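Take a look at the structure below.
Being a predicted model, the structure only gives us computed values, none of them experimental.
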Amino acid sequence: MNRPFNFSAGPAAIPEEVLQTAAAEMLDWHGSGMGVMEMSHRGKEFISIYEAAEADLRELLAVPAHFKILFMQGGGIAENAIVPMNLSRAGVVDFVVTGSWSQKSAKEAAKYASDANVAASAKDSDYTTIPAASSWNLSRGASYVHICSNETIHGVEFHELPDLQALGSDAPLVIDFSSHVASRSIDWSRVGLAFGGAQKNIGPAGLTIVIVREDLLGHALPVCPSAFDYKTVADNGSMYNTPPTWGIYMAGLTFQWLKRQTEGGLSGVAAMEARNITKAKLFYDYVDQSSLYVNKVAANCRSRMNIPFFLHDESRNDAFLAGAKQAGLLQLKGHKSVGGMRASIYNAMPIEGVQALVDYMRDFEQRQA
Ligand SMILES: *Cc1c(COP(=O)(O)O)cnc(C)c1O
């Protein structure tokens, strides 16, 4: 079967091999006589799936031993409340607002923190830049500093995580890595907590991954639901309540797929990162020399995962999308708040898919001439 290339921002394309394995195991997982969705989360079959998924994620992302990996529910948006309920200590928290997602996070945190301070904002540039870390107005004694390390809607990515200590802050850094987790390596020495929904780069919607430094556990506000208290979740191996078993299984298959990936002598996430750099360069290089298309994000913070782009002549948008669909290139419509188009090229998008998109765009451009 020749499947089209799917550029959805999320829920997004899943590697075909992962879908095929899940299909083959749907009715009977490894001779157990049960499908994964039908298993007790406390049975030995599912426990083995869970433990392998956690160990593989820890290996792939090189997560140090003093961080806990939690499998939760609620998505990135629930984490916008769960993080301040666990980490704010009802004090001041700092936000660097680089797009829709960090803006949403700041707004929600204000319900739990005494102040959700916007330490820096890229609003003046319509979220096409990242303010230099040296210009951030960090609060003294902040409980944490929050960034969205890849802004899925505005297409802005931190290519280096800020070193808060070098900026004179002891606060832990919180990153929302929903839309670029496992696309690149992470410097854990700069991170206190990372969270992300699975449906962009890891698997189906319904699973949320939280990776948190141990010393940050145990400070939840009284209002925090037990099922969302990181310490309770950690102490119970993510099984205080029933975890999203299907999502964990699918994520585990994706992690195994990731471990098999190689690129120029690299493997796993390093291989993905090399491939993602190649894919993004192929796309941006084409757009930058084109006279029909434009991407407005500053070169030093362009996302490798989510690329918003515009036709200079916006009246051609519908024709562009209809032709793309006919060419087997799906879900390219931009987010309604930004308009235009958006190509999300997560790990599961092969180079061939990006090449097919560029070929279509070139062809469309020539037909306009
Ligand atoms: C998609 C996304 C979210 C929201 O995830 P939900 O699962 O809808 O809660 C949050 N942050 C970022 C960066 C995202 O890309």
Side-chain angles (χ1 to χ4, degrees), residues 1-20 99-101 126-128 150-157 178-180 183 199-205 272 275-299 301-369:
M1 181 171 57
N2 222 344
R3 302 179 85 223
F5 293 113
N6 178 355
F7 295 88
S8 173
I14 290 174
E16 200 167 310
E17 284 172 44
V18 168
L19 295 173
Q20 271 161 356
S100 304
W101 287 113
D126 278 334
Y127 302 117
T128 58
N150 184 64
E151 289 279 3
T152 321
I153 292 174
H154 288 89
V156 169
E157 182 170 12
S178 297
S179 52
H180 72 165
S183 73
Q199 72 270 28
K200 314 290 166 62
N201 222 359
I202 284 183
M272 283 323 312
R275 204 181 293 167
N276 288 327
I277 289 170
T278 305
K279 282 153 53 185
K281 182 169 169 14
L282 175 61
F283 191 84
Y284 285 116
D285 281 354
Y286 170 67
V287 164
D288 285 345
Q289 60 76 49
S290 149
S291 48
L292 182 64
Y293 309 101
V294 62
N295 167 277
K296 299 172 183 171
V297 178
C301 57
R302 283 174 158 183
S303 172
R304 294 175 186 159
M305 297 281 102
N306 309 99
I307 311 182
F309 61 97
F310 301 86
L311 269 59
H312 283 299
D313 176 4
E314 297 241 275
S315 73
R316 305 295 299 150
N317 284 3
D318 288 346
F320 178 89
L321 289 169
K325 191 169 177 195
Q326 252 180 358
L329 308 167
L330 306 183
Q331 308 203 72
L332 282 160
K333 194 173 165 62
H335 190 272
K336 58 184 186 303
S337 67
V338 171
M341 317 297 159
R342 174 173 49 168
S344 294
I345 52 172
Y346 298 120
N347 284 349
M349 177 62 64
I351 294 177
E352 293 73 29
V354 180
Q355 187 63 57
L357 175 57
V358 167
D359 289 346
Y360 166 72
M361 288 169 68
R362 184 179 292 119
D363 185 52
F364 185 84
E365 181 166 7
Q366 278 161 3
R367 279 186 281 126
Q368 306 305 302

For Leu311 and Phe320, what are the C-alpha separation, side-chain angles and deciding distance, and is it a side chain to side chain contact (heavy atoms under 4.5 Å, CB included)?
CA-CA 9 Å; Leu311 269 59; Phe320 178 89; 4.0 Å; yes
Evaluate side-chain hydrogen bond (donor to acceptor under 3.5 Å, both in side chains) for Asn306 paired with Ser344, printing each intermediate quantity in order.
CA-CA 4 Å; Asn306 309 99; Ser344 294; 3.0 Å; yes
Is there side-chain contact between Leu357 and Met349, with heavy atoms separated by less than 4.5 Å?
no
Heavy-atom closest contact (Ser8 atom, Tyr346 atom, distance)
O-CE1, 3.5 Å
Shortest non-hydrogen contact between Phe5 and Pro350, atoms and distance:
CE2-CG, 3.8 Å
Work out which heavy atom in Gly99 is nearest to a heavy atom in Glu151; give both atom names and the distance.
N-OE2, 3.2 Å
Evaluate the side chain to side chain contact (heavy atoms under 4.5 Å, CB included) criterion for residues Phe364 and Gln368: first the C-alpha distance (whole Å), next the side-chain angles of each, then the deciding distance (0.1 Å), finally the verdict.
CA-CA 6 Å; Phe364 185 84; Gln368 306 305 302; 3.4 Å; yes
Can you label the angle between the Phe309 ring and the Tyr293 ring as parallel, tilted or perpendicular, going by 30° and 60°?
perpendicular
Nearest heavy atoms of Ser183 and Asn201, plus distance in Å
CB-ND2, 3.7 Å
Assess, by modelled atom type and distance only, whether the side chains of Gln355 and Asp359 contain a donor and an acceptor separated by less than 3.5 Å.
yes
Exercise: identify the closest heavy-atom pair between Val287 and Asn295
CG1-N, 3.7 Å
Start with the C-alpha gap between Lys325 and Leu332, add the side-chain angles, then the distance that decides, and say whether side chain to side chain contact (heavy atoms under 4.5 Å, CB included) holds.
CA-CA 9 Å; Lys325 191 169 177 195; Leu332 282 160; over 6 Å; no
Got Arg302 and Phe283 here, is their nearest side-chain heavy-atom distance under 4.5 Å?
no
Quick check: do Val297 and His154 have side-chain heavy atoms less than 4.5 Å from each other?
no
Any side-chain heavy atom of Met361 within less than 4.5 Å of one from Leu292?
no
State which residue, out of Ile345, Ile307, Leu330, fulfils the side chain to side chain contact (heavy atoms under 4.5 Å, CB included) condition with Phe7.
Ile345
Distance under 6.0 Å and angle within 45° of the ring axis: does Lys296 meet both against Phe310?
yes
Is there a side-chain contact between Arg304 and Glu157 (heavy atoms, below 4.5 Å)?
yes
